[in-house]
Q: 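Below is one structure. I have some questions about it.
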Amino acid sequence: MLLSRMVFASLLQYLERLHPSQIANESCLASHHVHPNYTKKAFPVLSLDYHHIQVPFEISLWVLLASLMKLGFHLIPQLSSIVPESCLLIVVGLLVGGLIKLAGEEVPPVLDSNLFFLCLLPPIILDAGYFLPIRPFMENIGTILMFAVVGTLWNAFFVGGLLYAVCQIEGTYLSQVELLPCLLFGSIISAVDPVAVLAVFEEIHINELLHILVFGESLLNDAVTVVLYHLFEEYSGAGEVTPMDVVLGVICFLIVSLGGIAVGAIYGILAAFTSRFTSHTRVIEPLFVFVYSYMAYLSAEMFHLSGIMALIACGAVMRPYVEANISHKSHTTVKYFLKMWSSVSETLIFIFLGVATVAGPHAWNWTFVSVTVILCLVSRVIGVVGLTFIINKFRIVKLTTKDQFIVAYGGLRGAIAFSLGYLLDKNLFPMRTMFLTAIITEIFFTVFVQGMTIKPLVDLLAVKKKQEAKRSINEEIHTQFLDHLLTGIEDICGHYGHHHWKDKLNRFNKKYIKKCLIAGERYKEPQLIAFYHKMEFKQAIELVESGGGVKLPSAVPSQVSMQNIQPKKLPPPVAERALPQFTKGREEEIRKILRSNLQKTRQRLRSYNRHTLVADPFEDGWNDFILKKQRLIELEKKMSNYLTVPGATPDSPTMCRARLASDPNAFYNIKASSDGVPTIQVDLASPQSPDSVNMLNEFSKRGATGQGLGQREGADRDEDQGLMMKPAGKGEKGEEEGGNKNPGLMRCLSDPGPSNEDEEDEPFLP
Amino acid sequence: MGTLQSLSDEPEYRELAEKTGFSFEQIGILHKRFKQLSHNENTLRRADLDTIPDLACNPIRTQIIEAFFDKRNFHQNGDGTVEEISFEEFLVVMSHFRPPALNMTEEQREKVRREKLRFLFNMHNTDNDGTITLEEYRHVVEELLSRSGALGKETAKGIADAAMLEVASISMGHMEPDEFYEGITFEHFLKILKDIEIETRMNIRFLNMDTTTLCNRDSSSIR
C-alpha cells in the first residue's frame, strides 16, 4: 500500500512538470527537462485541449451529421417521396453554413478540390464501377460513347460559344470576358455529373436501358472534361488556340481515356491475381479490393489521366475473378463497405455544396447566370435529339421520344463542376467568382427543379420502370441458349457481329485468363452451373432465415413437386402406400430444409463447442453440402419421391448463427465416420433427442393441412428405417465419385459472368 | 454497288423480299453467302454447314443446323425434316432473326415475339409432339453444358429438373400428386419467357454494306 502510494506520488510529481497538452505526446518516460524557473501551479485535473483533436473531430462531426441526416430523411416517408434526398441534403448544408456564419465563424472551405477529388469522389465511382452491370453497358457502349464524347463536346462549344456571343452584346457589361474563358466555362458546366445522376436516378427506378445510358454517359464523359479543361486552362493565358493545339488535344483525349482504362485494367488484374492467394488470410481480402482500386485512381490522377475511367475499369476487370476467389463473407464485406462509403460520400458532397454556397464569394450577374441556365437546357435537348437521330440508324432497339426526353432531362450537373470551377486560378480568371456563382445556380437548378420533377414526369409519361422480377432458371438457360444460337447464326451468315467477338472473348477468357487468376479448380465452372448453385444456396438461406416455415420464397414452387414432372416408371410398392402422405408443399419444404440443414444438424449434435473459432463453415462445408445433396438426389430416386422425413429444426437466424459458431470440425470428420452410413439417420432416428421432438412439434404447429400428428411420429420411425437401409453401400461410392468429379463446385458465387442479377437487393447471410 | 442495283430488277428477289421482309441488298448478300456455302449449287446440305470452322466450337451446333432443315420453320405448315434446302427456305429461316421495325403496334410486336419463340420452341421440341418433355429439356441443358468438361450429367439433370419444376409451378399452379405434367406446351413456353424481350434480343444485324471478295475458307467480311 505504502509502496504504491510512493509510486503514485512520484508519478504525479513527474506529470506536474509537464505541460498538460504534452502528456499525451510523451510516449515513454524518457528524457525530460526540468525547468529551473518553473513555478508550481495547481495540478490541472481536467483540461480542455480542443486544438489537439480538432481536425479528426470535425471530420467525424461532419460524417456524423451526414449520417444522421440520412437517417432522419428516411424516418419521414412523405418527405422522401416528394423531394429527392440530394435536394434535402443541399438545404441542410445551406442551413449549417448559415448557422456557422451567424455564429460569426468563418465558414470553412469544405468543398476543397483536393478533398473532393481525392477523398469524396473515389468511393462513389468505385461503387459504381464494381457493380456496373456489364452486359447492358457493353450492349449499349456505342450509344453511351456517342453521348459522352460527342454530346459533351457539343454542349461545351455551344454553351461556351453562345455565352461569349451574349457577353459581347452591349449593355451586359460583360465584354471583358474573353472567348477562351467562356469555352472553359462551357466545358466545366457541360459535363453530366455521375454523383447527381446516381442520387436522383436511384430513387426513380427507371428501366435498365435508360439508367445505363445516362449513368454510363456521366462516367465516360470524364475524359472529355479533363482534356477540355486542361486545354482551355493552359491556353487561356496565351489567349488563343491554334489548330496544332486542337490536334494535340485530340491525341491527348485518346491518351487520357485509353490510358486511364489501361491503368485501371492493370491494377484490376493485379488485384485479381493477388486474390488468388488469399485463401489463408481471408480477413484482409476486402482490403485488397479497396487499396488496389484507390491506387489505380491515384496513379491515373498522377499522370493527369482520367481517374474515373481508371476506377471503373479496375472495378469491372477485377470483379469476376475476385469474386471467384474470395470468401462469401469477404464478398459481403466488400459490398457493404462500398455501399457505406459511397453513401456517406454522396451525403457529404451534397451537404458541402450547400455550405460552400453560403461560404463562397459570389458575384451575381443576372444575364450571365440566366443565359447559362437556359443555354445548358437548350443545348442538352438539341444534343440528345440530334445524336439519337444518328444513333437510331445503328441500333436494333431504337430510342423513342420518351427515352430521349428522359435522357435529356436526366442530364444533371453536380459537385464535379463546382470543384473544377473552384480549382481555377484567381489571377488568370478574374471572373472566377461569377463563374462559380453561375455553376452553383446551374447545379441548384438541375438538382432541385429537374431532380424533383423527374419522378412525376416519369410516372406521367409512363416510362417503363425497372423490372423487379427475380431471374429464373429458365430465363438463364434461354439467355445462354440465345447467345450460342445467335453466335451460330452469325457464323452461318458469315457475319462477324458482336456475338461472334463476344464468344471469342469468352473462350479466350476461359482458356487462358481464368486459369491464371482464379484459384483452384473453380475456373472450369460454367456460368449456368454457377447460377444454379447460387440460386439453390439462396433458397436454402432464405428458408433457414424464414424459420423454415410454411412461407417459402416466391421463386420456389410450393405446389408442384418433382414427382409431377418425373414420368411414372413403376407403380410404387405397397409398403410405401401405407405411409401418410404430405402435401406437395410440405414435401418441397422438407426437401429444401434437408438439403440446407443437413450438415448443420449433424454438426450440432456431434459436439457443441462454442469456443472453437469458426473459419467459415458455410463455405468450407460447401463441398460436403454438394455431396450430401447428390446422395439425397439418389435417395430420392430410390424412394420415388416420397420423402417424408422431416428436416432439421427450422431455426431462427440467431439459432442458426449459434449453430454455425459451434464446432466446424464435425464437417471434416464426416468421411472418417466409422459407420459409413450417411448422416441422415444419426439424428433424426432418435426421437428422444429434444431437438427432433421440438422439430416435429414445430412442424405440427405450423399448420400442416390435415395430417395426423400421431401418425407422423410413427411414420418418422418407419421412414428412418427406410432411409437407414438404403444407402449403406451407395453412400461411400457416391461420396467418392462426387468428391472426384466435383472439385469445382466448392464456390457458389464463382464467376457470375457478364450477366449480373441485381445483387444489391439480395439478402445475404445475416 | 452496280451489281447490287441490278438485283432489284430480278422478280424472284422481289417475291422473296415480300415474303421474308428483307431488303434487296440483304437478300443479295445472303444469296452470295448461300452460294458460297453450297459451293455454287442450288441447294444446301447439312454437310455444307458442318464445314463452317467457327461453328465447330458452338455447343448447340447440331440443333442450329437441324433448325435449318426443319420443315416447321419454313412457314408452310410442314412437318419433319428435309435433306437439302433451297435458297428460299434458307431465307425464310433467316428471317426469324430479322430485327423488328421501329414503328410497330403492340399486336405486331406480339406476333413477332410469338414467331421467334416458336422457332426456339421447335428447336427444343425435337419429336414434334407439341410439348417439350423433361427428356428433351434435359437434352437441351446437357448440350449447353457439353463444352464445359466433365462436370456434367448430374448437374445438367438437376438444372433441367429445377427448370421444369419452375415451369410447371408457374403454369399449373397446384397439381395433385397423381397428376403428371406432360411437358411444356407452347403457351407455357411463352409465359415463362415473357420477361426476356425476345423481339429485341433475338436479332442479327443484317446491315447492307458492300461485300468484298469472298474467300473460300473464311467467311466474308459482311459487316
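Worth knowing before you read on, the calculation uses all heavy atoms, side chains too, and leaves out hydrogens, waters and symmetry mates. The chains referred to below are lettered A, B, ... by the order of the sequence lines, with proteins before strands, and numbering in each begins at 1.
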Q: Tell me whether the count of non-hydrogen atoms from other residues, nucleotides or ligands lying under 6.0 Å of CG in B/Asn42 goes above 12.
A: no

Q: Look at B/Phe90, B/Phe68, B/Phe34 and state which one has the largest set of heavy-atom pairs under 4.5 Å with chain A.
A: B/Phe68

Q: Rounded to the nearest 0.5 Å, what's the gap from CG on B/Leu193 to NE2 on A/His478? Could you check?
A: 4.5 Å

Q: Please determine whether the number of non-hydrogen atoms from other residues, nucleotides or ligands lying under 6.0 Å from atom NZ of B/Lys111 exceeds 12.
A: no

Q: Not counting sequence neighbours, which residues clear side-chain contact (heavy atoms from CB on, under 4.5 Å) with A/Asp483? List them please.
A: A/Arg135, A/His499, A/Lys502

Q: Under 4.5 Å from any heavy atom of chain A, what part of B/Ile192 do you find: side chain, backbone, both or neither?
A: both

Q: A/Leu486 versus chain B, heavy atoms under 4.5 Å apart: side chain, backbone, both or neither?
A: both

Q: Identify which part of B/Val140 has an atom lying under 4.5 Å from any heavy atom of chain A, answering side chain, backbone, both or neither.
A: side chain

Q: Measuring from atom CD1 of B/Ile64 to atom CG of A/Asp491, what distance do you get when rounded to the nearest 0.5 angstrom?
A: 8.0 Å

Q: Counting only heavy atoms closer than 4.5 Å, note whether B/Ile65 contacts chain A via side chain, backbone, both or neither.
A: neither

Q: Could you grab the distance from atom CE of B/Met123 to atom CZ of A/Phe481, nearest 0.5 Å is fine?
A: 4.0 Å

Q: Mind checking side chain to side chain donor-acceptor pair (under 3.5 Å) for B/Glu41 and listing every partner two or more places apart, or none if nothing turns up?
A: none

Q: Is there a side-chain contact between A/Leu485 and B/Gln63 (heavy atoms, below 4.5 Å)?
A: no

